Amino acid sequence: MSETSKFSWGPAAATGVGSMPGGDAREAARTVMGTLEALPYLPELPARGPGADMIGRTVGMLVELYARVEPSGWRIGDRPGRDTARARSWLGEDLDALEEFAQGYAGPLKVSAVGPWTLAASLERRNGEAMLGDPGACRDLLASLGEGLRSHLAELRRRLPGAEPVLQLDEPSLTAVLLGRVPTASGYRTHRAVDRAVVEGALRELVSAARDAGVPVVVHSCAPDVPFSLLRRAGATGISFDFSLITERDFDALGEAVEGGTALFAGVVPTVPAAVLSTQPASAGLSDPAGSVMGVRSLWRRLGLSPGSLAASVVVTPACGLAGASPEYARRALAHCVAAARSLADDPE
C-alpha cells in the first residue's frame, strides 16, 4: 500500500519538465491541462525564437536588469529594448493561454525559471564575458531574479486564484559552475569554480524566499553529476533529473534525499521518439509504462527504501524538455508519464 504524500501534488504524480514543441501557446496549454491532472505546468515554447527560450524567458522576468540578443547570446544592456519586450510578450501570451485552459483549476501548478547559476553562466556582461566571472554581478543578478520571481508568482496567483504554485529552477549548468567548466568568451579557458558554499547559499536564499511565500521549489538539471546533497541542503522540496544519467556514486545522496523528505522528479521517458534514431515506429518506447519505471523500482530496492513510499516520493517526468519532439509525441510522452506514475502506486514492488 502506498503512503500518503506530504507534497502538494499528492502520490502517483507526473509532470513535464518545461518546453513543448511548436509555437502555439494555446495548443500547448490545452495539451498540458488535458493530460496532467496532478501537476500541470506552464509550457515553454522555444521554437518561437529569442525571448521564448529558457534564458530569454527568465531575462524577461528580471527587475532592473535588462539584456539584448547578440550573436554570442544574451548580453546585459542599459535599458529594456525590443528583445526584453519580446520576452515579456511571449510570457504574457503563455500565461493568457494557461489562464484560458486552467479556468476553475484548483491544485498545484508548476512554473519554471532559470536558476541563478545557470543564468550567471549564460548571461554576458558588457565585455562579453559571463556574469559568472564577477561575484558582484552575480549578487545583483540573484537579487533581480528574486524580485522577478516574486512578481511572476504573484501574477500566476492573480490569474488563477485556485492554483498552488510550484517553482522549478532550471540549473543545467550547475555542475559546470561547481567544477570550473564554464568556458570564457575566448573558449581557451574556463571560469574558476565557484565555492560550493556560495552556490548553496544563493540557492538557499531563493528557495527560502519562495517557501516563506508558501511555494515549494524543485531544482532541475538534466546534466550528469547532479549535486543532490547540495540541493537537499539548500532546501529544495524536489530534485528533477535525467534518470538515465545517475550512477552508483549518486545512490547514497539519493537515499539521503528521500529519507530527508526530498521528492525525486525522475526523468524516465525519452524526449524524442525512437523513430528519430531508428526505424521503429514513433510510439516505440511508450508501450510499457510499468517498464519505464522499472529502474526506479530497482533503485528503491537497492537503497532499502520502503516500497510504500515510492509513489509518494517520486514524480515521473520526461528525461528533459520536449521541444525537439513532434506535438503528437509530446502528448503521448506526457500521457505515458501519467500511466507510469500510476503503475508505481498500483505495484510499488
Side-chain angles (χ1 to χ4, degrees), residues 54-55 58 61-65 76 112-125 129-150 153 166-185 189-213 215-242 245-265:
M54 183 175 73
I55 299 297
T58 305
M61 298 179 192
L62 296 177
V63 174
E64 296 183 358
L65 272 182
I76 292 295
S112 302
V114 177
W117 296 109
T118 295
L119 201 58
S122 303
L123 272 180
E124 299 174 356
R125 289 172 282 161
E129 292 291 353
M131 297 187 78
L132 185 66
D134 183 337
C138 289
R139 288 192 292 270
D140 290 343
L141 183 61
L142 177 65
S144 176
L145 178 61
E147 287 297 322
L149 290 174
R150 276 189 280 275
L153 293 167
V166 175
L167 174 62
Q168 177 179 302
L169 294 176
D170 292 316
E171 284 282 15
S173 298
L174 182 58
T175 300
V177 168
L178 290 166
L179 297 179
R181 295 176 180 171
V182 177
T184 59
R189 297 184 299 110
T190 58
H191 289 280
R192 183 179 304 173
V194 180
D195 185 87
R196 297 181 75 88
V198 174
V199 170
E200 183 180 322
L203 289 168
R204 184 184 295 110
E205 183 175 329
L206 284 181
V207 170
S208 296
R211 291 177 68 172
D212 288 347
V215 178
V217 177
V218 176
V219 181
H220 168 74
S221 174
C222 51
D225 301 318
V226 174
F228 292 102
S229 296
L230 183 152
L231 296 175
R232 176 178 58 82
R233 291 194 304 269
T237 300
I239 303 172
S240 172
F241 57 99
D242 182 341
L245 296 180
I246 65 168
T247 65
E248 192 167 342
R249 64 175 176 267
D250 297 314
F251 288 177
D252 286 346
L254 284 166
E256 290 171 1
V258 173
E259 291 177 342
T262 305
L264 302 183
F265 284 56

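Since the model is a prediction, treat every value here as computed from it, not as a measurement. The figures here come from the full heavy-atom set of this structure, side chains too, leaving out hydrogens, waters and symmetry mates. Along the sequence shown, residues carry numbers from 1.
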- [ ] Let me see the working for V177 and L132 under side chain to side chain contact (heavy atoms under 4.5 Å, CB included), right down to the final yes or no.
- [x] CA-CA 8 Å; V177 168; L132 185 66; 4.0 Å; yes

Quick one: pull up [atom1] in [X] and [atom2] in [Y] and give me the separation to the nearest 0.5 Å.
X	Y	atom1	atom2	value
L179	S173	CG	OG	12.0 Å
R139	D134	CZ	CG	8.0 Å
D225	L245	CG	CG	9.0 Å
E248	L254	CD	CG	12.0 Å
C222	D242	SG	CG	7.0 Å

Looking at every heavy atom in both [X] and [Y], which two are closest together, and how far apart are they?
X	Y	value
L142	A202	CD1-O, 3.7 Å
G235	R211	O-NH1, 2.7 Å
M54	D170	SD-CB, 3.9 Å
G180	T190	O-OG1, 2.9 Å
H191	P183	CD2-O, 3.5 Å
P172	A223	O-CB, 3.5 Å

Can you check whether [Y]'s main-chain N or O pairs, donor with acceptor, with [X]'s side chain at less than 3.5 Å?
X	Y	result
R150	A209	no
S144	E64	no
W117	E171	no
D250	T247	yes
E129	A185	yes
T184	R189	yes
R125	A130	yes

Open item on the list: Which residue in the set E259, E200, E256 passes salt bridge (Lys or Arg N to Asp or Glu O under 4.0 Å) when paired with R232?
Closed with: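 Per the salt bridge (Lys or Arg N to Asp or Glu O under 4.0 Å) rule, the option paired with R232 is E256, out of E259, E200, E256.
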
Between [X] and [Y], is any pair of side-chain heavy atoms under 4.5 Å apart?
X	Y	answer
E205	P116	no
T175	P224	no
L62	L123	yes
I76	L141	no
T262	T237	no
L206	V217	no
I239	F265	no
P216	L167	no

- [ ] Before giving the answer on side chain to side chain contact (heavy atoms under 4.5 Å, CB included), spell out for D140 and M131 the whole-Å C-alpha distance, their side-chain angles and the decisive distance to 0.1 Å.
- [x] CA-CA 10 Å; D140 290 343; M131 297 187 78; 5.7 Å; no

Open item on the list: Run T58 and L119 through side chain to side chain contact (heavy atoms under 4.5 Å, CB included) and show every step you take.
Closed with: CA-CA 8 Å; T58 305; L119 201 58; 4.0 Å; yes

Task: L174 and S221: CA distance, side-chain angles, deciding distance, side chain to side chain contact (heavy atoms under 4.5 Å, CB included) verdict - done: CA-CA 8 Å; L174 182 58; S221 174; 5.5 Å; no

Task: Option passing side chain to side chain contact (heavy atoms under 4.5 Å, CB included) with L169 (candidates V114, T118, L149) - done: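 Single side chain to side chain contact (heavy atoms under 4.5 Å, CB included) partner of L169 among V114, T118, L149: L149.
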
- [ ] Please say whether more than 12 non-hydrogen atoms of neighbouring residues, nucleotides or ligands are located less than 6.0 Å from CZ in R233.
- [x]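 Yes, enclosed.
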
